[in-house]
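Scroll down for the structure; my scribbles are underneath it.
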Amino acid sequence: MRRAPVLLAAGLLLAGCATTSLAPVTGAGAAFEADEQRLWRRSEEEQRTLDRSGLLYVEAELDAYLNQVGRRLQPPGIYKSIPFRIRVISNPRLNAFAFPNGVIYLHTGLLARLDNEAQLAMVLAHEMTHATHRHAVKEFRDTVNKTAWLAGVQTALGGLPGVGGLAGVLGEVGTAAAVTGYSRDLEREADAEGLRLVVGAGYEPREALKLFQTLKRDAEQEKVEIPLFYGSHPRLEERLETTEGLLRTAYADRRGGMTNAGVYLGRTSRVVLENARMDLKAGRFEAARQGAEKYLTLKPKDARAHHLLGEILRQGGEGEAADEARGHYQRAIALDRSYPDPHKGLGLLYFEGGQKQQARRSLEAYLSLSPQAADRAYVEEYIRLCK
């Protein structure tokens, strides 16, 4: 596998004299050149690795919904040349990327933060444009030192904080799309064409601006520059400016398009909860709290969500957060008295506050409801300290 950058570059360099002036794919019967075909084959290899990695978030109804939105954006003939497929990766970072053969990957972190279908459509339309306008091969042909480029983008992923197993799974083609993105001109083209597709499908174009504002807020909230493409603060500034300009000019009179917020939130609610758990595990307490609170606006009687929010507040907060955490643990217990986990959370919260007798009662209730708990010895030690 370590020779892959050199082998891929060697194969593609055979087409070094090919022009970068490639017409967009507009329907069935598109002819792909030799170096493009090699990029497609390389993409398929990398996708098989992703499929085996255990990183995919598999939910049949969600996958069907995402692909349905994608089909609304592109005319049917396009699919005969580029068979778009949309898949989801379990990762709390806000990101999305497309392979040149039309396979698009969305992070759970991005899906969890979007507000409606119109914003999702803008993400998909942008990534689809990278494929239909053949940006991967154009970028590669314009790169002088191809071997160094392919090796360098993979090295960049290895230093990413918080991307989990992706660092060891994505190959050169996927890393280029997920981390570095394309040139400014190609990205600008993807945003402009993507917005055109969004409007053509009947969506509200101003939601595109809200999408980029959400991405920018997340980048600022992190307080570090995360080198995933969708988290790149300078790029987001440019994309905001491009979108604002288009809304003032080409789409100044286009208002009242659909957002399908209710449909979107209903289809992605489970992703929101699961992603909040991932954010908590990664120590991203504010993002985790936002996700849990968002889910509870959709499912206010979900005991597990109240427990999760209690955990987020207990682990990441102090002062008044302890009172809020206690309230959510108690709400979880009231909603499902057979659910053991909030009893443990409540016990640990009482212990941390020096309330040893209350802690002991809650921890004993946890073990009573979950006698085979994997952390039984850990909890029994806390009970001993309470005595």
Side-chain angles (χ1 to χ4, degrees), residues 55-57 59 62 88-96 106-116 119-120 160-167 211 213-226 228 230-231 233 264-333 335-336 339-349 352-353 375:
L55 295 176
L56 295 185
Y57 181 91
E59 185 184 332
L62 176 63
V88 180
I89 291 177
S90 291
N91 193 290
R93 298 294 182 185
L94 278 65
N95 207 38
L106 306 176
H107 285 209
T108 54
L110 182 59
L111 287 174
R113 292 296 293 276
L114 301 183
D115 295 322
N116 54 55
Q119 294 176 9
L120 167 67
L160 274 165
V163 297
L166 272 179
L211 161 68
Q213 289 168 342
T214 294
L215 294 170
K216 182 183 174 185
R217 280 195 303 270
D218 183 80
E220 292 170 346
Q221 181 178 303
E222 287 298 307
K223 298 180 181 177
V224 292
E225 183 63 26
I226 304 298
L228 286 170
Y230 273 64
H233 195 279
Y264 178 82
L265 295 172
R267 296 287 189 179
T268 59
S269 61
R270 183 180 163 192
V271 174
V272 173
L273 185 63
E274 293 302 317
N275 196 75
R277 289 195 179 102
M278 284 187 275
D279 276 324
L280 173 60
K281 188 176 180 180
R284 289 161 43 95
F285 296 111
E286 183 57 32
R289 178 172 181 165
Q290 290 174 13
E293 289 176 341
K294 179 180 180 179
Y295 180 83
L296 282 169
T297 64
L298 305 170
K299 309 279 186 180
K301 295 185 178 181
D302 190 314
R304 281 155 179 75
H306 280 286
H307 166 255
L308 176 61
L309 186 50
E311 286 293 289
I312 294 165
L313 292 164
R314 180 179 68 82
Q315 295 182 35
E318 54 186 44
E320 293 181 2
D323 291 332
E324 290 185 64
R326 184 181 301 108
H328 284 288
Y329 288 138
Q330 291 169 340
R331 178 65 172 151
I333 292 168
L335 287 166
D336 185 354
Y339 181 34
D341 291 1
H343 290 278
K344 183 178 78 171
L346 196 56
L348 294 174
L349 187 66
E352 291 162 4
D375 60 352

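- For Asn116 against Gln119, the heavy-atom pair with the smallest separation is OD1-N, 2.9 Å.
- By the 4.0 Å N-to-carboxylate-O rule, Arg270 lies too far from Glu274 to be salt-bridged with it.
- For His343, the ring pair (Phe, Tyr, Trp, His ring centres under 6.0 Å) criterion is met by no residue, not counting sequence neighbours.
- Atom CZ of Arg277 is separated from atom NZ of Lys281 by 12.0 Å, given to the nearest 0.5 angstrom.
- For the pair Pro342/Ile333, a side-chain contact is recorded, criterion being any heavy-atom separation below 4.5 Å from C-beta on.
- Going from atom CD of Glu286 over to atom CG of Asp218 covers 11.0 Å, rounded to the nearest 0.5 Å.
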Step-by-step side chain to side chain contact (heavy atoms under 4.5 Å, CB included) determination, His328 to Leu313: CA-CA 9 Å; His328 284 288; Leu313 292 164; 3.8 Å; yes
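- For the pair Leu308 and Leu280, the minimum side-chain heavy-atom distance is below 4.5 Å.
- Here the OG1-CG distance, from Thr268 to Leu120, works out to 9.0 Å after rounding to the nearest 0.5 Å.
- Put simply, the side chain of Tyr264 gets close to the backbone of Leu111: a donor and an acceptor are under 3.5 Å apart.
- Side chains of Asn91 and Asn95: no donor on one and acceptor on the other come within 3.5 Å.
- You'll find the side chain of Lys294 reaches within 4.5 Å of the side chain of Leu265, heavy atoms only.
- Scanning both residues, Leu346 and Gln330, for their nearest heavy atoms gives CD2-CG, 4.3 Å.
- Counting only heavy atoms from C-beta outward, the side chains of Gln290 and Arg113 approach each other to under 4.5 Å.
- Residues Ser269 and Lys299 are in side-chain contact: their nearest non-hydrogen atoms beyond the backbone lie under 4.5 Å apart.
- A salt bridge links Arg304 with Asp336: the closest approach of a Lys/Arg side-chain nitrogen to an acidic carboxylate oxygen falls below 4.0 angstrom.
- A salt bridge links Lys344 with Asp375: at least one charged nitrogen is closer than 4.0 Å to a carboxylate oxygen.
- Counting only heavy atoms from C-beta outward, the side chains of Ile89 and Leu106 never approach each other to under 4.5 Å.
- In terms of modelled atom types and a separation under 3.5 Å, the side chain of His306 and the main chain of Pro300 share a donor-acceptor contact.
- The CG atom of Leu273 sits 10.5 Å away from atom CG of Leu298, with the distance rounded to the nearest 0.5 Å.
- Closest approach of Gly291 to Ala276, counting heavy atoms only: C-CB, 4.1 Å.
- With hydrogens and angles left out, the side-chain atoms of Tyr57 and Glu59 include a donor and acceptor closer than 3.5 Å.
- With salt bridges taken as basic N to acidic carboxylate O contacts below 4.0 Å, one links Glu311 and Arg314.
- The ring pair (Phe, Tyr, Trp, His ring centres under 6.0 Å) search around Tyr339 returns His307, not counting sequence neighbours.
- Side-chain contact check for Val88 versus Val271: every heavy-atom pair is 4.5 Å or farther apart.
- Residues passing the salt bridge (Lys or Arg N to Asp or Glu O under 4.0 Å) test with Asp115: none are found, sequence neighbours excluded.
- Inter-residue side-chain proximity for Leu296 and Leu309 is flagged as met; some heavy-atom pair is nearer than 4.5 Å.
- Rounding to the nearest 0.5 Å places CZ of Arg93 at 11.5 Å from OG1 of Thr108.
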